[in-house]
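One-based numbering, in listed order, for ligands and for the atoms of each.
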Amino acid sequence: MKKLNIEDIEKIFKRPLISLVSEACSIHQKEFPHGKIQASSLLSIKTGGCPENCTYCPQSAHYNTGVSKSSLLTKDEVIQAALKAKEMGANRFCMGAAWREIRDGVEFDQVCELVSAVSNLNLEVCCTLGMLTGTQARKLKSAGLDFYNHNIDTSPEFYDKIVQTRTYSDRLETLLRVRQANLKICTGGILGMGESDHDRMSFIQQIVNMETIPESITINMLVRTKGTPLENVAPIDPLDIVRTIATIRILAPRSMIRLSAGRTSLSSEAQFLCFISGANSIFLGDKLLTSPNPDFSEDQQLLEKCGLSFSQVNENESHDL
Ligand code: SF4
């Protein structure tokens with residue numbers, strides 16, 4: 001597919017919101033006609049003490065946020081959490097570890113065991129473990145991993161204001177290794193970190209210009225955490241989130257778009273607009289790693305009011321991208 005330049009993105013992103021949302025909604029209805037929202041659950045399997053300095057993250061060892069460091073959860077703990085998530089209606093279980101990269105050895109082997117154990121529960125499995133080598137990606141795939149999450153966070157131009165301990169190309173290279181191992185990609189970023197419209201367009205450009213458009217695109221809203229450098233950044237206008245999601249839906253018609261961290265800061269009306277504009281996946285459970293997330297019953301009520309319902313396993317994902 002032709003690579004899009006920033007002007008191509010701008011022509012869509014800068015349209016009057018009403019016409020942008022209306023087109024995104026028609027595309028969304030055509031590709032996902034059944035009003036289903038895919039539900040995932042995210043568990044922190046190793047929390048805190050991360051050597052990276054991502055300025056948005058409460059788990060970075062560089063900031064004093066009150067998050068304490070823990071070691072890798074046991075298989076029993078993870079299985080219990082996965083069963084609970086399944087009972088709630090999640091069909092994908094994501095495991096996140098606060099590592100710069102996963103090292104070969106005991107912990108990597110344990111993570112492979114966790115992946116197999118969750119996969120055996122008939123759940124789709126996703127992991128986010130930091131940077132990966134090609135061999136590790138292939139081993140995770142053999143263990144039963146379906147998706148690997150690795151966010152590009154923002155635009156290449158804004159990236160070094162947000163993270164200094166790794167580069168944008170480090171992120172892209174890991175994503176390439178993930179794709180070469182035939183894993184599905186989940187990637188995206190965080191809105192509301194002080195980025196400009198240009199950064200949002202450039203972030204979208206990076207995603208839609210990947211060799212294969214990611215199957216899962218995750219849109220987070222910054223959760224401003226005390227102790228992090230971004231704790232006082234001005235909140236984003238929810239309509240800017242809607243604009244970003246609508247643009248992505250037009251350019252990535254068949255991908256799942258996940259409204260992720262920061263949903264507690266959005267009103268029901270704002271979340272409804274995000275669903276109309278193409279978001280069709282959320283995380284369930286009252287915690288997302290270390291950040292708050294709406295209660296399950298709140299989400300059930302919201303979906304019901306919107307005329308939406310949770311999808312069964314893979315119901316929304318019959319598309320080949
Ligand atoms: S976002 Fe991930 S890599 Fe960055 S500090 Fe937090 S846990 Fe570490």
Decide, counting backbone as well as side-chain atoms, whether Cys57 has an N, O or S atom less than 2.8 Å from atom 4 (Fe) of ligand 1.
no
Which atom names give the shortest non-hydrogen contact between Phe275 and Cys306, and what distance separates them?
CD1-SG, 4.3 Å
Shortest non-hydrogen contact between Asn293 and Thr264, atoms and distance
C-CG2, 3.7 Å
Is it true that Glu215 and Arg179 have a side-chain N and a carboxylate O under 4.0 angstrom from each other?
yes
Atom 4 (Fe) of ligand 1 - nearest protein heavy atom and its distance:
Cys54 SG, 2.2 Å
State, to 0.1 Å, how close Leu284 and Ala90 come at their nearest heavy-atom pair, and which atoms those are.
CD1-N, 4.1 Å
min-distance protein heavy atom vs atom 8 (Fe) of ligand 1 -> Cys50 SG, 2.3 Å
Provide the number and element of each atom of ligand 1 under 4.0 Å from a heavy atom of Ala98.
7 (S)
On a heavy-atom basis, I'd like to know which of Arg166, Arg100, Met131, Gln59 is closest to atom 3 (S) of ligand 1.
Arg166
Is the ring pair Tyr159/Tyr168 parallel, tilted or perpendicular, if the boundaries are 30 and 60 degrees?
perpendicular
